[in-house]
**Q** 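Okay, here's the structure, questions in a sec.
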Amino acid sequence: MFDVPYGVFECFTNATTAILKNSKINPVELYKFNWDFFYNSQYDFISGNVDNLVLLQFARSNYGLEFQELEFSYIPDNEYTILALNSFYVPYMTELYQIADQLHYVIARKQENEFEIIDPFYKIQEKFSGKDVHELWSYYSKPVIRIDVSSVGKASSFATDQVVPYILTLDYPHQYESVFQLLSGSLGGIDFGGSKNFLESPLFKRYFSSIRTVLKNRETFFEIEKINKASITNVLTGWQAVLKELIKLSSTRRTSGLVDSFERAIHHEVLFLNSFKAIHM
C-alpha cells in the first residue's frame with residue numbers, strides 16, 4: 001500500500017489509489033483523469049488534483065468502488081475508511097507535529113476500541129486507540145468516507161485511451177486565469193513577520209509541498225501517457241522554477257518573481273492542454 005503516485009498534499013488521492021491497488025486494480029485510468037488546477041483559499045494551498053468527490057465518482061464508475069459519508073460514531077469494524085486528521089497532533093508527521101494545523105487524510109480500519117492507521121505517503125501502519133483517533137479527527141470533523149471494495153473490478157470499464165484529463169471538461173483557460181488572480185493576491189500579501197528563517201515557517205512548508213505535489217501530479221500524468229519529452233519540458237521546468245522562486249523569498253522577501261514564475265508555469269500548462277486537446281478530443 002505504500003507505493004504512492006502523488007505528493008503529501010494529495011493524501012486523499014494517495015489513500016484512494018492505495019485501496020484500489022490493494023484490491024488488485026491498476027488505477028491507470030485514474031492517473032490519466034486526475035488533472036485539475038485550483039487554489040484552496042480555506043486552507044491556503046495549491047492543488048493539481050481533482051476534487052475528492054469527483055475522484056470517488058470516477059472510481060465508482062470505472063472500478064466499482066463504492067463510498068459513503070459517515071459520522072465518526074458510525075464507523076463500522078474491519079472496513080476501509082478514509083479519515084481527515086490534524087497533522088499538528090500526529091507524531092510521525094515530524095515536519096508539522098506541534099508546529100502547524102494541517103488537514104491530512106489517512107486510511108483507517110476500526111477494530112473494536114482501536115484503529116489501524118495506514119498512511120501510504122509516510123509509509124506508516126500503526127495501531128492507535130479509538131480515543132486518540134477521535135481527538136486527531138475532531139479538529140476538522142470532516143465526514144468519514146467508508147470505502148466498499150466488494151464490487152471493485154466489476155464495473156463496466158471504458159477503454160483507457162478514452163479517458164481525458166478532467167480539466168479538459170471545464171473552461172480551463174478561464175479556470176487557470178481565475179486561480180492566478182487569487183494566487184497573485186495571496187502571494188503578494190505574504191506576511192514575513194519577524195521570522196528569521198522563512199524556510200522553516202509553516203507557510204513556506206505548505207506552499208513548497210503543495211507546489212511540489214502539482215509537479216508530481218504532472219510527472220505521473222506524463223509518465224502514464226508516454227508523451228514525448230520535448231512536449232512537456234516547459235510544463236515541468238515551469239513548476240521547478242516556481243519552487244526555486246519560493247526558496248528565494250528567504251533572502252529577497254520580494255514576491256514579484258514568484259508571481260511571475262506562477263504566471264509562466266500556468267501559461268505553459270494551458271499551451272500543453274490546448275495541444276493535447278487538439279489531438280485527443
Side-chain angles (χ1 to χ4, degrees), residues 2-18 20-21 25-39 45-52 54-59 61-63 120-121 155 157-180 183 208-246 260-281:
F2 298 135
D3 178 23
V4 296
Y6 301 113
V8 66
F9 265 81
E10 304 309 341
C11 43
F12 190 94
T13 312
N14 283 331
T16 304
T17 56
L20 286 169
K21 287 190 286 187
I25 293 292
N26 180 9
V28 62
E29 296 89 358
L30 188 147
Y31 299 154
K32 292 165 68 74
F33 176 75
N34 186 33
W35 182 315
D36 200 357
F37 187 65
F38 64 91
Y39 170 63
F45 71 89
I46 303 101
S47 177
N49 280 30
V50 300
D51 177 77
N52 296 345
V54 173
L55 182 87
L56 289 172
Q57 289 170 337
F58 180 88
S61 63
N62 201 52
Y63 305 121
F121 183 83
S157 301
F158 43 88
T160 300
D161 59 7
Q162 294 177 347
V163 179
V164 298
Y166 170 74
I167 199 164
L168 292 185
T169 67
L170 311 175
D171 181 1
Y172 62 90
H174 174 74
Q175 177 151 330
Y176 274 98
E177 177 60 26
S178 297
V179 171
F180 175 70
L183 270 175
F208 189 87
S209 294
S210 64
I211 296 163
R212 190 167 55 181
T213 301
V214 174
L215 174 59
K216 179 62 176 174
N217 173 286
R218 304 320 187 226
E219 289 173 341
T220 299
F221 177 85
F222 294 144
E223 181 180 350
I224 293 297
E225 286 285 353
K226 297 181 171 59
I227 295 174
N228 182 281
K229 188 174 181 179
S231 304
I232 63 177
T233 298
N234 285 342
V235 173
L236 299 181
T237 57
W239 289 114
Q240 290 163 358
V242 173
L243 291 172
K244 291 177 182 177
E245 288 294 333
L246 185 62
D260 290 346
S261 68
F262 260 111
E263 188 171 26
R264 288 191 295 270
I266 287 171
H267 173 72
H268 291 313
E269 290 223 336
V270 172
L271 288 180
F272 169 79
L273 290 169
N274 288 343
S275 175
F276 188 89
K277 183 177 182 179
I279 296 170
H280 296 277
M281 296 180 70

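Below, all heavy atoms of this structure are taken into account, side chains as well, without hydrogens, waters or symmetry copies. These numbers were taken from a predicted model, which means no experiment stands behind them.
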**Q** Would a distance-only check, ignoring hydrogens and angles, find a side-chain to backbone donor-acceptor pair under 3.5 Å from N34 to L55?
**A** no

**Q** Checking R218 side chain against G48 main chain: does a donor-acceptor pair fall under 3.5 Å?
**A** yes

**Q** Calculate, to the nearest 0.5 Å, the distance between atoms OH and CG belonging to Y166 and D36 respectively.
**A** 6.0 Å

**Q** From Y176 OH over to E269 CD, what is the distance, rounded to the nearest 0.5 angstrom?
**A** 3.5 Å

**Q** Ignoring hydrogens, what is the shortest heavy-atom contact between W35 and N217? Give both atom names and the distance.
**A** CA-OD1, 4.5 Å

**Q** Not counting sequence neighbours, which residues clear ring-ring contact (aromatic ring centres under 6.0 Å, His included) with F38? List them please.
**A** none

**Q** Rounded to the nearest 0.5 Å, what's the gap from NZ on K21 to CG on N14? Could you check?
**A** 8.0 Å

**Q** Any side-chain heavy atom of Y6 within less than 4.5 Å of one from Y31?
**A** yes

**Q** Sequence neighbours excluded, which residues qualify as side chain to side chain donor-acceptor pair (under 3.5 Å) partners of D260?
**A** none

**Q** Would you say the rings of F262 and Y39 are close, in the sense that their centroids are separated by under 6.0 Å?
**A** no

**Q** Check side chain to side chain donor-acceptor pair (under 3.5 Å) between R212 and all other residues, then give those that pass, not counting sequence neighbours.
**A** none

**Q** Roughly how far, to the nearest 0.5 Å, is CG of N52 from CZ of F12?
**A** 4.5 Å

**Q** Rounded to the nearest 0.5 Å, what's the gap from CZ on F276 to CD1 on I227? Could you check?
**A** 5.5 Å

**Q** What do you reckon, are the aromatic ring centroids of W239 and F222 less than 6.0 Å apart?
**A** no

**Q** State, to 0.1 Å, how close P120 and V4 come at their nearest heavy-atom pair, and which atoms those are.
**A** CB-CG1, 3.2 Å

**Q** Would you confirm whether Y63, through its side chain, and L30, through its main-chain N or O, come within 3.5 Å as a donor-acceptor pair?
**A** yes

**Q** Over all heavy atoms of both residues, which pair between T17 and P5 is shortest? Give the atoms and the distance, please.
**A** OG1-CD, 3.6 Å

**Q** Identify the two heavy atoms, one from F9 and one from S210, that lie closest to each other, and give their separation to 0.1 Å.
**A** CD1-N, 3.6 Å

**Q** To the nearest 0.5 Å, how far apart are CE in M281 and CG in L168?
**A** 5.5 Å

**Q** Residues in side chain to side chain contact (heavy atoms under 4.5 Å, CB included) with T233, at least two apart?
**A** K229, T237

**Q** Any side-chain heavy atom of N234 within less than 4.5 Å of one from L271?
**A** no

**Q** Sequence neighbours excluded, which residues qualify as salt bridge (Lys or Arg N to Asp or Glu O under 4.0 Å) partners of E10?
**A** none

**Q** Going by the rule side chain to side chain donor-acceptor pair (under 3.5 Å), which residues pair with T13 if we only count those two or more places apart in sequence or in a different chain?
**A** N49

**Q** Report yes if some heavy atom in the side chain of F45 is under 4.5 Å from a heavy atom in the side chain of T213; otherwise report no.
**A** no

